[in-house]
Amino acid sequence: MQIYSEMHNIVHKTLDAFSPGPYRCLICQNEDLIGEDGLCDACRQDLRYCPAPNYLSPLEGLNIGLQYTDAVRKAVLSLKKGRSFVYAPFLAQFMTVPNNWQADLLVPVPIHPVSELLRGFNQSALLAEYLSSKYSIPYSTEILLKKRFTMPQKGLGADSRRRNIRNSFYAEPECKNLRIVLIDDVFTTGATVYECAKTLKKAGASRVYACCAASPAL
Ligand SMILES: [Zn+2]
């Protein structure tokens with residue numbers, strides 16, 4: 001985990017050298033009237049907290065930071081495309097891991113190792129890293145693995161998403177008896193998060209929650 005973190009620090013520094021300066025809006029790059037938060041008025045007004053979402057078993061709690069407005073979609077895409085790693089702490093600041101979940105471990109939703117190699121990072125692991133330091137809860141990228149390459153979920157309906165992702169994860173037995181919080185960037189139908197939760201529960205996790213940056217479904 002330490003190596004993962006150090007590797008990202010190096011990548012952060014390199015990429016941040018190309019990131020917009022302090023006088024451009026973090027999200028839209030507009031140069032007008034940037035506040036101390038690094039945002040223009042239009043983008044700031046487009047950030048809306050997500051109402052408490054409904055969730056199904058096997059999840060035991062679900063928390064989503066923001067509604068998937070235009071500004072949030074731009075921030076999420078910028079994070080995924082590695083434009084600057086500043087988008088990870090930016091989005092993570094809106095994510096909450098409630099105290100009453102008594103979480104033992106944060107676990108980012110994994111991507112396939114080949115995808116991670118091509119992209120250079122897993123955006124959910126970056127969010128988990130910041131939440132781990134914010135809440136002093138350890139995180140692990142080694143407990144839950146993506147074992148099968150799947151088609152992108154984008155463009156698929158709810159049923160196809162469930163079928164596409166089924167049995168594509170593997171959980172290490174070390175998750176046994178742990179209260180785990182899954183971390184992901186976008187919660188659409190929840191198919192991925194539910195499949196991860198199912199996999200962790202089967203491997204013995206005692207409780208599984210999820211915390212996501214944004215959702216277009218709410
Ligand atoms: Zn803006």
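All of these numbers come straight from a predicted model, not from anything done at the bench.
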**Student:** Under 4.5 Å between any side-chain heavy atoms of Gln67 and Pro51, yes or no?
**Tutor:** yes
**Student:** What closest approach, in Å, do Lys154 and Arg161 show between heavy atoms, and which atom pair accounts for it?
**Tutor:** CA-NH2, 3.9 Å
**Student:** If you look at every heavy atom in Arg119 and Lys80, which pair is closest and at what distance?
**Tutor:** CD-O, 3.5 Å
**Student:** Are any side-chain N or O atoms of Asp104 and backbone N or O atoms of Arg179, one a donor and one an acceptor, separated by less than 3.5 Å?
**Tutor:** yes
**Student:** Between atom OG of Ser133 and atom CD of Glu129, what is the distance when rounded to the nearest 0.5 Å?
**Tutor:** 8.0 Å
**Student:** Please check if atom NZ in Lys176 has more than 12 non-hydrogen atoms from other residues, nucleotides or ligands closer than 6.0 Å.
**Tutor:** no
**Student:** I want to check something: taking the side chain as every heavy atom from C-beta on, are Cys175 and Ser140 in contact at a cut-off of under 4.5 Å?
**Tutor:** no
**Student:** Roughly how far, to the nearest 0.5 Å, is the OH atom of Tyr68 from the OG1 atom of Thr188?
**Tutor:** 7.0 Å
**Student:** Between Asn122 and Glu116, is any side-chain donor less than 3.5 angstrom from a side-chain acceptor?
**Tutor:** no
**Student:** Look at the side chain of Thr199 and the backbone N and O of Tyr170, then say whether any donor-acceptor pair between them is shorter than 3.5 Å.
**Tutor:** no
**Student:** According to a hydrophobic-cluster definition based on side-chain heavy atoms being under 4.5 Å apart (Ile, Leu, Val, Met, Phe, Trp, Tyr only), do Leu145 and Val109 belong together?
**Tutor:** no
**Student:** For residues Tyr87 and Leu26, determine if any side-chain heavy atom of one lies less than 4.5 Å from a side-chain heavy atom of the other.
**Tutor:** yes
**Student:** How are the rings of Tyr209 and Trp101 set relative to one another: parallel (under 30°), tilted (30 to 60°) or perpendicular (over 60°)?
**Tutor:** parallel
**Student:** Grab the two heavy atoms, one from Leu39 and one from Arg44, that are nearest each other, plus how far apart they are.
**Tutor:** O-NH2, 2.9 Å
**Student:** To the nearest 0.5 Å, what is the distance between CD1 on Ile27 and CG on Asp70?
**Tutor:** 9.5 Å
**Student:** Within the 4.5 Å heavy-atom criterion, are Leu127 and Asp184 side-chain neighbours or not?
**Tutor:** no
**Student:** Return yes if some donor-acceptor pair links the side-chain N/O of Arg24 with the main-chain N/O of Asn30 below 3.5 Å, else return no.
**Tutor:** no
**Student:** Calculate, to the nearest 0.5 Å, the distance between atoms NZ and CD1 belonging to Lys201 and Ile180 respectively.
**Tutor:** 10.0 Å
**Student:** With a 4.0 Å cut-off, would you call Asp46 and Arg48 a salt bridge?
**Tutor:** yes
**Student:** Answer whether the closest heavy-atom distance between the side chains of Phe187 and Pro53 falls below 4.5 Å.
**Tutor:** no
**Student:** Going through the distances and angles, do Tyr135 and Thr96 end up as a side chain to side chain contact (heavy atoms under 4.5 Å, CB included)?
**Tutor:** CA-CA 9 Å; Tyr135 289 101; Thr96 307; 3.7 Å; yes
**Student:** Which atoms form the tightest heavy-atom contact between Ala191 and Gln153, and what is the distance?
**Tutor:** CB-NE2, 3.9 Å
**Student:** Where do Cys40 and Cys28 come nearest, in terms of heavy atoms and distance?
**Tutor:** SG-SG, 3.7 Å
**Student:** Linking I/L/V/M/F/W/Y whenever any side-chain heavy atoms sit under 4.5 Å apart, do Phe94 and Ile183 land together?
**Tutor:** yes
**Student:** Let me see the working for Val181 and Val107 under side chain to side chain contact (heavy atoms under 4.5 Å, CB included), right down to the final yes or no.
**Tutor:** CA-CA 6 Å; Val181 180; Val107 172; over 6 Å; no
**Student:** Please report the C-alpha distance between Asn63 and Val97 in whole Å, then the side-chain angles of each, then the deciding distance to 0.1 Å, and finally whether the side chain to side chain contact (heavy atoms under 4.5 Å, CB included) criterion is met.
**Tutor:** CA-CA 7 Å; Asn63 211 295; Val97 178; over 6 Å; no
**Student:** With distance as the sole test, does Glu60 use its side chain to make a donor-acceptor pair with the main-chain N or O of Val208 at under 3.5 Å?
**Tutor:** yes
**Student:** If you measure only the distance, is there a donor-acceptor pair under 3.5 Å linking the side chains of Asn177 and Ser206?
**Tutor:** no
**Student:** Which atom pair, heavy atoms only, marks the closest approach of Val193 to Cys212?
**Tutor:** CG2-SG, 4.3 Å
**Student:** Could you state whether Leu56 and Phe169 fall into the same hydrophobic cluster, counting links through intermediate Ile, Leu, Val, Met, Phe, Trp or Tyr residues with side-chain heavy atoms under 4.5 angstrom apart?
**Tutor:** yes
**Student:** How many angstroms lie between OH in Tyr130 and CE in Met95, if you round to the nearest 0.5 Å?
**Tutor:** 13.5 Å
**Student:** Looking at Glu195 and Lys146, is any side-chain nitrogen of the basic one under 4.0 Å from a carboxylate oxygen of the acidic one?
**Tutor:** no
**Student:** Taking Leu59's backbone N and O only, do any of them form a donor-acceptor pair with Arg207's side chain (distance below 3.5 Å, no angle check)?
**Tutor:** no
**Student:** List the steps, then state whether side chain to side chain contact (heavy atoms under 4.5 Å, CB included) holds for Val76 with Val186.
**Tutor:** CA-CA 8 Å; Val76 168; Val186 180; 3.7 Å; yes
**Student:** Is it possible for you to say whether Tyr49 and Leu47 belong to one hydrophobic cluster, with membership spreading through side-chain heavy-atom contacts below 4.5 Å?
**Tutor:** yes
**Student:** So for atom NZ, which belongs to Lys134, do other residues, nucleotides or ligands contribute more than 12 heavy atoms lying within a distance under 6.0 Å?
**Tutor:** yes
**Student:** With the 4.5 Å side-chain cut-off for hydrophobic clustering, are Ile111 and Ile165 part of the same group?
**Tutor:** no
**Student:** Roughly how far apart are Gln93 CD and Leu131 CG, rounded to 0.5 Å?
**Tutor:** 11.0 Å
**Student:** Contact between Leu77 and Leu79 at the side-chain level, heavy atoms closer than 4.5 Å - yes or no?
**Tutor:** no
